[in-house]
Amino acid sequence: MFNTLYNASPWVFLLCTIILGGSVAYVTGKAIAETWRPFWQVIGYLLCLGLVVRFMQYALFQERLLSMRNYLIDIAVLILFGVAGYLLARRRQMATQYDWAATKRGID
């Protein structure tokens with residue numbers, strides 16, 4: 001089932017895309033949020049990171065380099081991690097910067 005959707009070993013996908021790529025995507029999203037840059041920059045950086053993940057799979061595990069389907073799946077996973085990092089960091093920033101707006105109504 002996995003090989004029909006993604007043309008690589010599940011272990012390669014887990015290691016390169018989810019563990020390595022996901023952690024870098026999370027930190028990238030967090031860094032963009034912490035420097036108060038706009039959200040759309042997360043997508044641009046993660047498109048480039050998707051190319052790096054594809055190259056890692058090619059160079060380390062002899063997987064196919066030019067596979068649009070695998071690239072799109074890698075991008076989808078990286079965007080999930082990157083958006084999570086961005087939103088969590090931005091939420092923490094807003095609660096710190098604007099603590100008066102982050103309090104629950106009726107509780108002071």
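Residue numbers start at 1 and run along the sequence shown.
Nearest approach of K30 to A89, heavy atoms of both residues: CG-CB, 3.9 Å. Across M56 and C16, no two heavy atoms sit closer than the pair CE-O, 4.0 Å. Shortest non-hydrogen contact noted between A33 and R90 is O-NH2, 3.1 Å.
Evaluation of the side chain to side chain donor-acceptor pair (under 3.5 Å) rule for Q97 yields no partner, not counting sequence neighbours. Not counting sequence neighbours, R64 has no partner by the salt bridge (Lys or Arg N to Asp or Glu O under 4.0 Å) test. Partners of Y58 by side-chain contact (heavy atoms from CB on, under 4.5 Å), not counting sequence neighbours, listed by chain and number: F55, L65.
In this structure, the separation between CZ on R54 and CD1 on I75 is 10.0 Å, given to the nearest 0.5 Å.
L60 and L66 fall into different hydrophobic clusters, where Ile, Leu, Val, Met, Phe, Trp and Tyr side chains are chained together by heavy-atom contacts under 4.5 Å. No chain of hydrophobic side-chain contacts below 4.5 Å, direct or via other Ile, Leu, Val, Met, Phe, Trp or Tyr residues, connects I73 to M68.
Inter-residue side-chain proximity for L51 and Y71 is flagged as met; some heavy-atom pair is nearer than 4.5 Å.
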Enumerate, atom names and distances included, each donor-acceptor pair closer than 3.5 Å involving a side-chain atom of residues 38-47, sequence neighbours excluded.
residue : atom : partner : partner atom : Å
Y45     : OH   : R37     : NH1          : 3.3

Donor-acceptor pairs under 3.5 Å, side chain of residues 19-29 to any protein atom, not counting sequence neighbours: which ones?
residue : atom : partner : partner atom : Å
S23     : OG   : I19     : O            : 2.8
S23     : OG   : L20     : O            : 2.9
T28     : OG1  : V24     : O            : 2.7

Could you tabulate the donor-acceptor pairs under 3.5 Å formed by side-chain atoms of residues 76-84, not counting sequence neighbours?
none

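Under the 3.5 Å distance criterion, with hydrogens and angles disregarded, a donor-acceptor pair is assigned to the side chains of Q57 and T17.
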